[in-house]
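Here's the structure, in C-alpha cells; my notes come after.
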Amino acid sequence: MTFEKLTEEERKILLELARLSMVLAVADEPPPELELNTYSLTLQAHGASFVTLTEEGNLRGCIGTLEPHQPLVQDVCEHAAAAATEDYRFPPVQYPETSRIQIGISRLTPSQPIHYEDPLVLPGLLRPGVDGVTLRDAGRRATFLPQVWEKVS
C-alpha cells in the first residue's frame with residue numbers, strides 16, 4: 001500500500017475546510033457540502049485523521065479515528081466539528097473563540113505493530129515528533145499523536 005504525502009496545497013485545503021467545519025458546527029449550522037470529485041485523489045482516498053484544537057497553546061479539543069473508513073477530506077471535516085463541540089473533556093467552543101483557535105491535523109499512516117519484550121525499550125523504537133503510538137493492555141487503549149513528543153520530551 002502506498003501512502004502519498006500531502007502537498008502544500010492539500011494541507012492548505014484541509015486546514016481551510018477544518019476551520020470552516022469548526023465554525024459551522026459552533027454556529028449550529030450543517031457541515032460544508034463536499035463535492036468529492038473536485039479534490040485530489042489523495043484527499044478523496046479513505047484516510048484516518050485527528051483534528052486538534054488549541055487556544056493560546058492549551059488543548060481545546062481533539063477528536064479522530066485510528067482506522068480509515070471515509071474520504072480523508074470528509075474525515076477531517078467531521079473531526080474538526082466534533083473537536084469543537086463533542087470533546088467531553090471541554091465545554092463546546094463558543095463562536096467568539098473561533099478566531100483564536102489554532103487547528104492541527106494529523107493524518108495517520110496505516111498501523112504497524114512493534115514487537116518488544118521490555119516496555120523500557122519502547123521509546124527507543126519510536127522516532128520523536130514523527131511516530132505516534134497506540135498502546136493496548138488488558139482491553140484498554142491509549143493513543144499518542146506525534147505532537148505529544150513535545151509535551152513528554
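As the structure is a prediction and not an experimental result, all values here were calculated from the model.
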Check: How far apart are the C-alpha atoms of D75 and H46, what are their side-chain angles, what is the distance that settles it, and do they pass the side chain to side chain contact (heavy atoms under 4.5 Å, CB included) test?
Finding: CA-CA 8 Å; D75 201 64; H46 281 205; over 6 Å; no

Might you point out which heavy atoms bring [X] and [Y] nearest each other, and give the distance in Å?
| X | Y | result |
| --- | --- | --- |
| P32 | C77 | CG-SG, 4.3 Å |
| S99 | P96 | OG-O, 3.8 Å |
| A18 | A80 | O-CB, 3.3 Å |

Checklist line | Ion pair check, R60 and E97, cut-off under 4.0 Å | finding: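 Counted as a salt bridge, because a side-chain N and a carboxylate O are separated by less than 4.0 Å.
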
Notebook entry, point to check: Salt bridge check: are R19 and E16 linked by an N-O gap of less than 4.0 Å?
Noted result: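 Not counted as a salt bridge, because no side-chain N and carboxylate O are separated by less than 4.0 Å.
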
Atom [atom1] of [X] and atom [atom2] of [Y]: how far apart are they, to the nearest 0.5 Å?
| X | Y | atom1 | atom2 | value |
| --- | --- | --- | --- | --- |
| L122 | L120 | CG | CG | 9.5 Å |
| S106 | L108 | OG | CG | 6.5 Å |
| Q44 | Q74 | CD | CD | 11.5 Å |
| R107 | S49 | CZ | OG | 10.0 Å |
| E9 | L43 | CD | CG | 9.5 Å |
| N58 | F90 | CG | CZ | 8.5 Å |

May I ask whether [X] and [Y] are part of the same hydrophobic cluster, defined by side-chain heavy atoms of I, L, V, M, F, W, Y residues being less than 4.5 angstrom apart, directly or through others?
| X | Y | answer |
| --- | --- | --- |
| L17 | V76 | yes |
| V93 | L15 | yes |
| L6 | L36 | yes |
| Y116 | L126 | yes |
| L24 | I13 | no |

Taking the side chain as every heavy atom from C-beta outward, state whether [X] and [Y] have any pair of such atoms under 4.5 Å apart.
| X | Y | answer |
| --- | --- | --- |
| I103 | V51 | yes |
| T54 | I101 | no |
| P110 | E67 | no |
| P92 | E86 | no |
| Q102 | L53 | no |
| L14 | L72 | yes |
| E10 | T7 | yes |
| T65 | E78 | no |

Next item on the list: Apply side chain to side chain contact (heavy atoms under 4.5 Å, CB included) to the pair M22 and T98, showing each step before the final yes or no.
Entry: CA-CA 8 Å; M22 174 191 67; T98 59; 3.9 Å; yes

Note to self: Using the rule given for side chain to side chain contact (heavy atoms under 4.5 Å, CB included), can you reason through R89 versus C62, listing the C-alpha separation, both sets of side-chain angles and the distance that settles it, and then say yes or no?
What the structure shows: CA-CA 9 Å; R89 299 169 295 176; C62 183; 3.7 Å; yes

